[in-house]
Amino acid sequence: MSTAASTHPPLAERLRPKTLAEVIGQQHLLGEGMPLRIAFESGEPHSCILWGPPGTGKTTIARLMAEAFDAKFITISAVLGGVKDIRDAVEQAQIAQAHGRRTIVFVDEVHRFNKSQQDAFLPHVESGLFTFIGATTENPSFEVVSALLSRSVVYVLQPLTEADLERIVQRAQAIDAVPPIEDKARARLISYADGDARRLLNTLETLAVAAKKEKRGEITDEWVLKALGERMRRYDKAGEQFYDTISALHKAVRGSDPDASLYWFVRMLDGGADPRYIARRMIRMAVEDVGLADPRALRLALDAAETYERLGTPEGELALAECVLYLAVAPKSNAVYNAYSEARALVRKDGTRAVPLHLRNAPTRLMKDLGYGRDYRYAHNEEDAFAAGETYWPEGMEPPGFYRPTARGLEIRIGEKLAELRARNSAARDDKDE
(Lines give C-alpha, C1' and ligand atoms only; values in the text may rest on other atoms or scores of the structure.)
Protein backbone atom coordinates (compact mmCIF):
# COMPACT_ATOMS: atom_id res chain seq x y z
CA MET A 1 0.00 0.00 0.00
CA SER A 2 1.76 3.11 -1.25
CA THR A 3 0.57 5.98 0.95
CA ALA A 4 2.24 8.44 3.21
CA ALA A 5 0.53 6.82 6.18
CA SER A 6 2.22 3.49 5.47
CA THR A 7 5.74 4.86 6.00
CA HIS A 8 5.30 7.97 8.16
CA PRO A 9 3.41 9.02 11.25
CA PRO A 10 0.57 11.47 10.51
CA LEU A 11 1.76 14.87 9.31
CA ALA A 12 0.34 16.56 12.40
CA GLU A 13 2.53 14.33 14.56
CA ARG A 14 5.64 14.84 12.41
CA LEU A 15 5.28 18.61 12.70
CA ARG A 16 4.33 18.65 16.38
CA PRO A 17 6.66 21.18 18.09
CA LYS A 18 9.47 19.66 20.15
CA THR A 19 10.33 22.90 21.96
CA LEU A 20 8.53 26.09 22.98
CA ALA A 21 10.44 27.95 20.26
CA GLU A 22 8.78 25.77 17.61
CA VAL A 23 5.22 26.52 18.79
CA ILE A 24 3.30 28.61 16.28
CA GLY A 25 0.73 31.01 17.71
CA GLN A 26 -0.31 31.66 21.33
CA GLN A 27 2.41 34.25 21.79
CA HIS A 28 0.16 36.08 24.27
CA LEU A 29 0.88 33.09 26.54
CA LEU A 30 4.23 31.75 25.32
CA GLY A 31 6.13 34.87 24.30
CA GLU A 32 8.94 36.28 26.41
CA GLY A 33 7.59 37.44 29.77
CA MET A 34 4.15 35.99 29.10
CA PRO A 35 2.28 33.90 31.72
CA LEU A 36 2.77 30.38 30.36
CA ARG A 37 6.39 31.03 29.40
CA ILE A 38 7.06 32.17 32.97
CA ALA A 39 5.41 28.98 34.24
CA PHE A 40 7.69 26.87 32.03
CA GLU A 41 10.79 28.72 33.19
CA SER A 42 9.85 28.50 36.87
CA GLY A 43 10.72 24.82 37.07
CA GLU A 44 7.59 24.17 39.11
CA PRO A 45 4.56 22.68 37.31
CA HIS A 46 1.10 23.79 38.37
CA SER A 47 -2.38 22.55 37.58
CA CYS A 48 -4.04 24.43 34.76
CA ILE A 49 -6.83 24.38 32.23
CA LEU A 50 -6.13 25.13 28.58
CA TRP A 51 -9.27 26.62 27.06
CA GLY A 52 -9.48 27.24 23.34
CA PRO A 53 -10.86 26.08 19.99
CA PRO A 54 -9.75 22.81 18.35
CA GLY A 55 -6.30 22.72 16.78
CA THR A 56 -4.78 25.58 18.77
CA GLY A 57 -2.04 23.59 20.52
CA LYS A 58 -3.56 22.46 23.81
CA THR A 59 -2.15 18.91 23.64
CA THR A 60 1.20 20.16 22.36
CA ILE A 61 1.57 22.63 25.23
CA ALA A 62 0.68 19.92 27.76
CA ARG A 63 3.31 17.55 26.28
CA LEU A 64 5.93 20.29 26.31
CA MET A 65 5.18 21.00 29.97
CA ALA A 66 5.78 17.35 30.80
CA GLU A 67 9.09 17.41 28.95
CA ALA A 68 10.12 20.71 30.52
CA PHE A 69 9.57 19.31 34.02
CA ASP A 70 10.82 15.79 33.18
CA ALA A 71 7.44 14.45 34.29
CA LYS A 72 5.65 11.25 33.41
CA PHE A 73 2.88 12.20 30.97
CA ILE A 74 -0.46 10.39 31.26
CA THR A 75 -3.24 11.19 28.81
CA ILE A 76 -6.92 10.55 29.48
CA SER A 77 -9.62 11.18 26.89
CA ALA A 78 -12.79 12.30 28.63
CA VAL A 79 -14.74 11.21 25.54
CA LEU A 80 -13.67 7.57 25.86
CA GLY A 81 -12.41 7.33 29.44
CA GLY A 82 -14.00 7.04 32.85
CA VAL A 83 -13.29 6.45 36.53
CA LYS A 84 -11.21 3.34 35.72
CA ASP A 85 -8.82 5.46 33.67
CA ILE A 86 -8.52 7.92 36.54
CA ARG A 87 -7.70 5.07 38.94
CA ASP A 88 -5.06 3.75 36.51
CA ALA A 89 -3.54 7.23 36.29
CA VAL A 90 -3.39 7.45 40.10
CA GLU A 91 -1.60 4.09 40.30
CA GLN A 92 0.95 5.11 37.65
CA ALA A 93 1.52 8.43 39.42
CA GLN A 94 2.11 6.64 42.72
CA ILE A 95 4.71 4.39 41.09
CA ALA A 96 6.40 7.41 39.50
CA GLN A 97 6.36 9.24 42.85
CA ALA A 98 8.02 6.25 44.52
CA HIS A 99 10.85 6.62 42.01
CA GLY A 100 11.14 10.34 42.64
CA ARG A 101 9.49 11.45 39.42
CA ARG A 102 6.69 13.94 38.86
CA THR A 103 3.53 13.13 36.93
CA ILE A 104 1.33 15.27 34.73
CA VAL A 105 -2.17 13.94 34.02
CA PHE A 106 -3.58 15.50 30.87
CA VAL A 107 -7.36 15.22 30.42
CA ASP A 108 -8.46 16.01 26.88
CA GLU A 109 -12.02 17.36 26.50
CA VAL A 110 -12.31 17.58 30.29
CA HIS A 111 -15.77 19.15 29.95
CA ARG A 112 -17.05 15.72 28.86
CA PHE A 113 -16.43 14.32 32.36
CA ASN A 114 -19.35 14.65 34.76
CA LYS A 115 -19.09 16.19 38.22
CA SER A 116 -18.22 12.97 40.07
CA GLN A 117 -15.54 12.11 37.52
CA GLN A 118 -13.98 15.57 37.81
CA ASP A 119 -14.20 15.41 41.62
CA ALA A 120 -12.13 12.21 41.52
CA PHE A 121 -9.04 14.29 40.65
CA LEU A 122 -9.32 16.66 43.62
CA PRO A 123 -7.65 14.68 46.45
CA HIS A 124 -4.69 13.82 44.25
CA VAL A 125 -4.25 17.37 42.98
CA GLU A 126 -4.37 18.63 46.58
CA SER A 127 -1.90 16.02 47.81
CA GLY A 128 0.51 16.85 45.00
CA LEU A 129 0.48 13.30 43.63
CA PHE A 130 0.18 14.72 40.15
CA THR A 131 -0.26 17.97 38.27
CA PHE A 132 -3.60 18.24 36.50
CA ILE A 133 -3.88 19.75 33.02
CA GLY A 134 -7.31 19.89 31.43
CA ALA A 135 -8.03 20.81 27.83
CA THR A 136 -11.45 22.11 26.83
CA THR A 137 -13.17 23.89 24.00
CA GLU A 138 -15.96 24.99 26.35
CA ASN A 139 -16.04 27.77 28.93
CA PRO A 140 -14.55 26.16 32.07
CA SER A 141 -16.63 28.44 34.28
CA PHE A 142 -19.64 26.39 33.25
CA GLU A 143 -18.11 23.01 32.42
CA VAL A 144 -15.48 22.42 35.12
CA VAL A 145 -16.48 21.91 38.77
CA SER A 146 -15.65 24.92 40.93
CA ALA A 147 -13.38 22.98 43.30
CA LEU A 148 -11.15 21.84 40.42
CA LEU A 149 -11.35 25.23 38.72
CA SER A 150 -10.23 27.02 41.89
CA ARG A 151 -7.11 24.84 42.02
CA SER A 152 -6.14 25.49 38.41
CA VAL A 153 -4.90 28.44 36.39
CA VAL A 154 -6.99 28.99 33.27
CA TYR A 155 -5.06 29.83 30.09
CA VAL A 156 -7.12 31.00 27.11
CA LEU A 157 -5.80 29.91 23.72
CA GLN A 158 -6.74 31.78 20.55
CA PRO A 159 -7.45 30.46 17.02
CA LEU A 160 -4.34 30.61 14.87
CA THR A 161 -4.06 33.61 12.56
CA GLU A 162 -3.70 33.33 8.80
CA ALA A 163 -0.03 34.21 9.20
CA ASP A 164 0.35 31.37 11.72
CA LEU A 165 -1.31 28.91 9.35
CA GLU A 166 0.90 30.11 6.50
CA ARG A 167 3.97 29.23 8.60
CA ILE A 168 2.55 25.74 9.16
CA VAL A 169 2.16 25.26 5.40
CA GLN A 170 5.76 26.37 4.95
CA ARG A 171 6.97 23.86 7.54
CA ALA A 172 5.07 21.06 5.82
CA GLN A 173 6.70 22.00 2.52
CA ALA A 174 10.12 22.29 4.15
CA ILE A 175 10.05 18.56 4.95
CA ASP A 176 8.66 17.77 1.47
CA ALA A 177 5.39 16.58 2.95
CA VAL A 178 3.36 18.40 0.29
CA PRO A 179 4.09 19.55 -3.28
CA PRO A 180 4.09 23.23 -4.31
CA ILE A 181 0.72 24.94 -3.75
CA GLU A 182 -0.84 27.58 -5.99
CA ASP A 183 -1.40 30.89 -4.17
CA LYS A 184 -5.18 30.78 -4.61
CA ALA A 185 -5.28 27.18 -3.35
CA ARG A 186 -3.10 28.11 -0.38
CA ALA A 187 -5.46 30.95 0.56
CA ARG A 188 -8.46 28.63 0.27
CA LEU A 189 -6.86 25.97 2.48
CA ILE A 190 -5.93 28.52 5.14
CA SER A 191 -9.47 29.90 5.09
CA TYR A 192 -10.86 26.36 5.30
CA ALA A 193 -8.66 25.60 8.32
CA ASP A 194 -10.38 28.46 10.16
CA GLY A 195 -7.64 28.86 12.77
CA ASP A 196 -7.34 25.09 13.34
CA ALA A 197 -3.81 23.76 12.78
CA ARG A 198 -4.90 20.12 12.97
CA ARG A 199 -7.54 20.63 10.31
CA LEU A 200 -5.01 22.31 8.05
CA LEU A 201 -2.40 19.56 8.46
CA ASN A 202 -4.89 16.74 7.96
CA THR A 203 -6.17 18.44 4.80
CA LEU A 204 -2.65 18.97 3.49
CA GLU A 205 -1.87 15.31 4.12
CA THR A 206 -5.00 14.20 2.27
CA LEU A 207 -4.05 16.38 -0.69
CA ALA A 208 -0.44 15.19 -0.65
CA VAL A 209 -1.51 11.54 -0.83
CA ALA A 210 -3.97 12.29 -3.65
CA ALA A 211 -1.42 14.38 -5.55
CA LYS A 212 1.17 11.62 -5.33
CA LYS A 213 -1.33 9.06 -6.57
CA GLU A 214 -2.26 11.27 -9.55
CA LYS A 215 1.39 12.26 -10.13
CA ARG A 216 0.58 15.96 -9.73
CA GLY A 217 3.48 18.39 -9.42
CA GLU A 218 1.39 21.24 -8.01
CA ILE A 219 -1.74 21.65 -5.92
CA THR A 220 -4.06 24.03 -7.77
CA ASP A 221 -7.22 25.68 -6.50
CA GLU A 222 -9.40 23.91 -9.06
CA TRP A 223 -7.96 20.53 -8.09
CA VAL A 224 -8.38 21.26 -4.36
CA LEU A 225 -12.12 21.75 -4.86
CA LYS A 226 -12.31 18.57 -6.88
CA ALA A 227 -10.14 16.47 -4.55
CA LEU A 228 -11.78 17.48 -1.29
CA GLY A 229 -15.33 17.35 -2.61
CA GLU A 230 -17.88 17.57 0.20
CA ARG A 231 -15.18 18.16 2.81
CA MET A 232 -14.45 21.65 1.47
CA ARG A 233 -16.76 24.20 3.03
CA ARG A 234 -18.71 26.39 0.63
CA TYR A 235 -18.08 29.51 2.65
CA ASP A 236 -15.61 30.65 5.26
CA LYS A 237 -16.71 31.38 8.81
CA ALA A 238 -16.13 35.09 8.55
CA GLY A 239 -17.38 35.45 4.99
CA GLU A 240 -20.51 37.06 3.61
CA GLN A 241 -22.02 33.75 2.47
CA PHE A 242 -21.82 32.35 6.01
CA TYR A 243 -23.88 35.22 7.39
CA ASP A 244 -26.26 35.10 4.43
CA THR A 245 -26.95 31.43 5.15
CA ILE A 246 -27.54 31.82 8.88
CA SER A 247 -29.76 34.79 8.03
CA ALA A 248 -31.78 32.58 5.68
CA LEU A 249 -32.13 29.93 8.39
CA HIS A 250 -33.30 32.49 10.95
CA LYS A 251 -35.81 34.04 8.56
CA ALA A 252 -37.19 30.64 7.51
CA VAL A 253 -37.75 29.71 11.17
CA ARG A 254 -39.35 33.09 11.86
CA GLY A 255 -41.52 32.61 8.78
CA SER A 256 -42.77 29.22 10.06
CA ASP A 257 -41.51 27.22 7.06
CA PRO A 258 -40.18 23.92 8.49
CA ASP A 259 -38.89 22.54 5.19
CA ALA A 260 -36.98 25.69 4.27
CA SER A 261 -35.62 25.87 7.83
CA LEU A 262 -34.35 22.31 7.59
CA TYR A 263 -32.84 23.01 4.17
CA TRP A 264 -30.80 25.99 5.38
CA PHE A 265 -29.81 24.11 8.53
CA VAL A 266 -28.39 21.25 6.46
CA ARG A 267 -26.76 23.73 4.09
CA MET A 268 -24.86 25.19 7.04
CA LEU A 269 -23.74 21.77 8.26
CA ASP A 270 -22.74 20.75 4.74
CA GLY A 271 -20.78 23.97 4.40
CA GLY A 272 -18.73 23.25 7.52
CA ALA A 273 -20.45 25.43 10.11
CA ASP A 274 -19.84 24.44 13.71
CA PRO A 275 -23.07 22.77 14.94
CA ARG A 276 -22.53 24.44 18.32
CA TYR A 277 -22.75 27.84 16.65
CA ILE A 278 -26.05 26.84 15.04
CA ALA A 279 -27.28 25.58 18.44
CA ARG A 280 -26.51 28.96 20.02
CA ARG A 281 -28.38 30.74 17.24
CA MET A 282 -31.40 28.49 17.75
CA ILE A 283 -31.45 29.39 21.44
CA ARG A 284 -31.57 33.02 20.32
CA MET A 285 -34.42 32.22 17.89
CA ALA A 286 -36.39 30.52 20.66
CA VAL A 287 -36.22 33.67 22.78
CA GLU A 288 -36.48 36.31 20.07
CA ASP A 289 -39.07 34.82 17.70
CA VAL A 290 -41.09 32.34 19.78
CA GLY A 291 -40.81 33.74 23.28
CA LEU A 292 -43.75 33.25 25.60
CA ALA A 293 -46.02 32.14 22.79
CA ASP A 294 -44.40 28.74 23.49
CA PRO A 295 -41.92 28.79 26.40
CA ARG A 296 -41.13 25.13 25.75
CA ALA A 297 -39.15 26.20 22.68
CA LEU A 298 -36.33 27.63 24.81
CA ARG A 299 -36.07 24.45 26.87
CA LEU A 300 -36.03 22.34 23.71
CA ALA A 301 -33.28 24.52 22.21
CA LEU A 302 -31.17 24.18 25.37
CA ASP A 303 -31.76 20.41 25.44
CA ALA A 304 -30.78 20.12 21.77
CA ALA A 305 -27.54 22.02 22.41
CA GLU A 306 -26.73 19.80 25.40
CA THR A 307 -27.57 16.65 23.43
CA TYR A 308 -25.18 17.69 20.69
CA GLU A 309 -22.45 18.28 23.28
CA ARG A 310 -22.95 14.74 24.60
CA LEU A 311 -23.27 12.91 21.27
CA GLY A 312 -21.30 15.06 18.87
CA THR A 313 -21.46 14.60 15.09
CA PRO A 314 -23.36 13.02 13.42
CA GLU A 315 -25.77 11.65 16.07
CA GLY A 316 -26.19 14.94 17.89
CA GLU A 317 -27.13 16.77 14.69
CA LEU A 318 -30.50 15.00 14.70
CA ALA A 319 -31.41 16.73 17.98
CA LEU A 320 -30.55 20.08 16.38
CA ALA A 321 -32.71 19.21 13.35
CA GLU A 322 -35.61 18.39 15.68
CA CYS A 323 -35.19 21.75 17.35
CA VAL A 324 -35.13 23.59 14.00
CA LEU A 325 -38.43 21.98 13.03
CA TYR A 326 -40.03 22.71 16.40
CA LEU A 327 -39.01 26.36 16.29
CA ALA A 328 -40.36 26.66 12.75
CA VAL A 329 -43.82 25.26 13.59
CA ALA A 330 -44.13 26.91 17.03
CA PRO A 331 -46.41 29.94 17.42
CA LYS A 332 -44.43 33.14 16.97
CA SER A 333 -44.07 36.17 19.20
CA ASN A 334 -41.47 38.91 19.46
CA ALA A 335 -43.29 40.55 22.36
CA VAL A 336 -40.51 39.69 24.83
CA TYR A 337 -37.84 40.99 22.44
CA ASN A 338 -39.75 44.25 21.88
CA ALA A 339 -40.48 44.70 25.59
CA TYR A 340 -36.83 44.25 26.52
CA SER A 341 -35.66 46.63 23.77
CA GLU A 342 -38.14 49.31 24.86
CA ALA A 343 -37.17 48.92 28.53
CA ARG A 344 -33.46 49.28 27.70
CA ALA A 345 -34.14 52.36 25.57
CA LEU A 346 -36.16 53.99 28.36
CA VAL A 347 -33.59 53.30 31.07
CA ARG A 348 -30.81 54.73 28.86
CA LYS A 349 -32.55 58.07 28.34
CA ASP A 350 -34.47 58.33 31.63
CA GLY A 351 -32.99 59.74 34.80
CA THR A 352 -32.19 57.53 37.80
CA ARG A 353 -35.46 57.57 39.70
CA ALA A 354 -35.64 56.79 43.41
CA VAL A 355 -37.00 53.42 44.55
CA PRO A 356 -40.32 54.04 46.40
CA LEU A 357 -40.01 53.59 50.16
CA HIS A 358 -42.55 50.75 50.31
CA LEU A 359 -40.46 48.69 47.85
CA ARG A 360 -37.14 49.15 49.65
CA ASN A 361 -35.49 46.46 51.72
CA ALA A 362 -35.27 47.18 55.47
CA PRO A 363 -32.63 44.89 57.03
CA THR A 364 -31.80 47.32 59.88
CA ARG A 365 -33.79 49.15 62.58
CA LEU A 366 -32.71 52.53 61.21
CA MET A 367 -34.06 51.69 57.76
CA LYS A 368 -37.37 50.61 59.26
CA ASP A 369 -37.56 53.85 61.25
CA LEU A 370 -36.96 55.76 58.02
CA GLY A 371 -39.99 54.06 56.48
CA TYR A 372 -38.22 51.51 54.29
CA GLY A 373 -40.68 48.73 53.40
CA ARG A 374 -43.60 50.41 55.24
CA ASP A 375 -47.04 49.76 53.72
CA TYR A 376 -45.67 47.11 51.37
CA ARG A 377 -48.37 44.55 50.64
CA TYR A 378 -47.11 40.97 50.54
CA ALA A 379 -48.86 39.52 47.48
CA HIS A 380 -49.14 36.00 48.88
CA ASN A 381 -51.28 37.30 51.72
CA GLU A 382 -53.76 38.85 49.28
CA GLU A 383 -56.66 37.26 47.40
CA ASP A 384 -55.37 35.14 44.49
CA ALA A 385 -51.83 36.22 45.56
CA PHE A 386 -52.41 39.59 43.87
CA ALA A 387 -52.27 42.94 45.67
CA ALA A 388 -54.85 44.77 43.59
CA GLY A 389 -54.13 48.48 43.29
CA GLU A 390 -50.52 48.20 44.45
CA THR A 391 -47.93 50.10 42.41
CA TYR A 392 -44.39 48.96 41.69
CA TRP A 393 -43.15 51.95 39.69
CA PRO A 394 -41.10 54.96 40.78
CA GLU A 395 -43.25 57.80 42.09
CA GLY A 396 -44.83 59.86 39.34
CA MET A 397 -43.90 57.43 36.56
CA GLU A 398 -46.67 56.18 34.30
CA PRO A 399 -46.40 52.47 33.37
CA PRO A 400 -45.14 52.50 29.76
CA GLY A 401 -46.62 49.10 28.86
CA PHE A 402 -43.49 47.39 27.56
CA TYR A 403 -44.92 43.89 27.34
CA ARG A 404 -47.78 43.49 24.88
CA PRO A 405 -48.65 39.80 24.46
CA THR A 406 -49.63 38.66 20.99
CA ALA A 407 -52.82 36.77 20.22
CA ARG A 408 -50.84 33.59 19.52
CA GLY A 409 -49.98 30.49 21.51
CA LEU A 410 -49.70 30.78 25.28
CA GLU A 411 -49.67 34.57 24.99
CA ILE A 412 -53.41 34.46 24.31
CA ARG A 413 -53.91 33.27 27.89
CA ILE A 414 -51.21 35.59 29.20
CA GLY A 415 -52.97 38.53 27.56
CA GLU A 416 -56.28 37.52 29.11
CA LYS A 417 -54.66 37.21 32.53
CA LEU A 418 -52.99 40.61 32.26
CA ALA A 419 -56.27 42.22 31.18
CA GLU A 420 -57.98 40.73 34.24
CA LEU A 421 -55.23 41.94 36.60
CA ARG A 422 -55.29 45.43 35.11
CA ALA A 423 -59.07 45.58 35.54
CA ARG A 424 -58.70 44.61 39.21
CA ASN A 425 -55.98 47.24 39.65
CA SER A 426 -58.20 49.88 38.10
CA ALA A 427 -61.19 48.91 40.28
CA ALA A 428 -59.08 48.94 43.45
CA ARG A 429 -57.69 52.39 42.67
CA ASP A 430 -61.13 53.74 41.87
CA ASP A 431 -62.36 52.44 45.26
CA LYS A 432 -59.37 54.06 46.96
CA ASP A 433 -60.09 57.41 45.29
CA GLU A 434 -63.69 57.28 46.48
Side-chain angles (χ1 to χ4, degrees), residues 51-56 79 109 111-112 136-139 142-143 157-162 165 185 187-204 206 221 224-225 227-255 257-290 297-298 300-328:
W51 172 28
T56 51
V79 176
E109 309 251 22
H111 59 275
R112 302 272 187 171
T136 180
T137 56
E138 301 301 313
N139 188 331
F142 303 121
E143 304 296 341
L157 281 69
Q158 303 294 339
L160 272 63
T161 65
E162 290 189 359
L165 295 172
R188 182 181 296 278
L189 291 169
I190 288 173
S191 175
Y192 171 67
D194 197 21
D196 184 335
R198 189 184 304 110
R199 173 185 279 183
L200 176 63
L201 290 169
N202 289 344
T203 304
L204 287 174
T206 298
D221 186 54
V224 165
L225 291 172
L228 292 180
E230 292 185 1
R231 281 186 53 193
M232 177 58 69
R233 67 172 65 192
R234 293 178 174 86
Y235 47 75
D236 71 88
K237 190 175 180 180
E240 181 179 350
Q241 192 173 358
F242 174 86
Y243 292 106
D244 285 346
T245 310
I246 190 62
S247 175
L249 171 60
H250 199 149
K251 289 179 172 65
V253 167
R254 181 183 294 146
D257 189 325
D259 289 340
S261 300
L262 192 60
Y263 169 78
W264 291 114
F265 167 70
V266 175
R267 273 280 302 269
M268 293 203 73
L269 291 179
D270 184 62
D274 185 346
R276 288 169 294 194
Y277 171 81
I278 303 175
R280 292 194 294 271
R281 286 302 296 251
M282 288 196 296
I283 293 170
R284 170 70 185 267
M285 295 174 204
V287 176
E288 180 179 336
D289 294 297
V290 178
L298 177 56
L300 188 74
L302 291 167
D303 287 344
E306 182 180 350
T307 299
Y308 180 80
E309 286 295 338
R310 289 180 178 274
L311 298 183
T313 296
E315 293 89 347
E317 292 171 2
L318 186 59
L320 299 181
E322 178 183 331
C323 181
V324 165
L325 293 174
Y326 189 93
L327 293 176

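The chain is numbered in sequence order, starting from 1.
A 4.5 Å side-chain heavy-atom check between D196 and P159 finds every atom pair outside the cut-off. Using a 4.5 Å heavy-atom threshold, the side chains of R188 and L225 count as touching. Two residues are said to be in side-chain contact when any heavy atoms from C-beta on lie closer than 4.5 Å; V253 and D289 fail this criterion. At least one side-chain heavy atom of L300 sits under 4.5 Å from a side-chain heavy atom of E322.
Side-chain polar atoms of H111 and N139 form no donor-acceptor pair below 3.5 angstrom. Residues R281 and Y277 have side chains that bring a donor and an acceptor to within less than 3.5 angstrom of each other. Counted by atom type alone, R112 and T136 present zero donor-acceptor pairs between their side chains at under 3.5 Å.
Contact between P275 and T313 at its shortest, heavy atoms only, is CG-OG1, 4.0 Å. G316 approaches Y308 most closely through the heavy-atom pair C-CD1, 3.6 Å. Across all non-hydrogen atoms, the minimal contact from G195 to L165 is N-CD1, 3.7 Å. In terms of heavy atoms, W51 sits closest to T137 at NE1-O, 3.7 Å. Contact detail for Y326 and A297: the closest heavy-atom pair is CE2-CA, 3.9 Å. Closest approach of T307 to A319, counting heavy atoms only: CG2-CB, 3.7 Å.
Note: K251 NZ to D257 CG = 14.5 Å, rounded to the nearest 0.5 Å. Atom CG of L200 and atom OH of Y192 lie 10.0 Å apart (nearest 0.5 Å). The distance from atom CG of D274 to atom CG of D194, rounded to the nearest 0.5 Å, is 9.0 Å. Rounded to the nearest 0.5 Å, atoms CG (L320) and CZ (R276) are 11.0 Å apart. Atom CG of L318 is separated from atom SG of C323 by 12.0 Å, given to the nearest 0.5 angstrom. Note that CE of M285 is 7.0 Å distant from CG of L327, once rounded to the nearest 0.5 Å.
By the 6.0 Å contact criterion, CD on E162 is open, its count of non-hydrogen atoms from other residues, nucleotides or ligands being 12 or less. More than 12 non-hydrogen atoms from other residues, nucleotides or ligands lie less than 6.0 angstrom from CZ of R254.
The main-chain N or O of R199 is found under 3.5 Å from a side-chain atom of T203 such that the two form a donor-acceptor pair. The main-chain N or O of L325 is never found under 3.5 Å from a side-chain atom of S261 such that the two would form a donor-acceptor pair.
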Decide yes or no on side chain to side chain contact (heavy atoms under 4.5 Å, CB included) for E309 and E138, but give the supporting numbers first. CA-CA 10 Å; E309 286 295 338; E138 301 301 313; 3.5 Å; yes
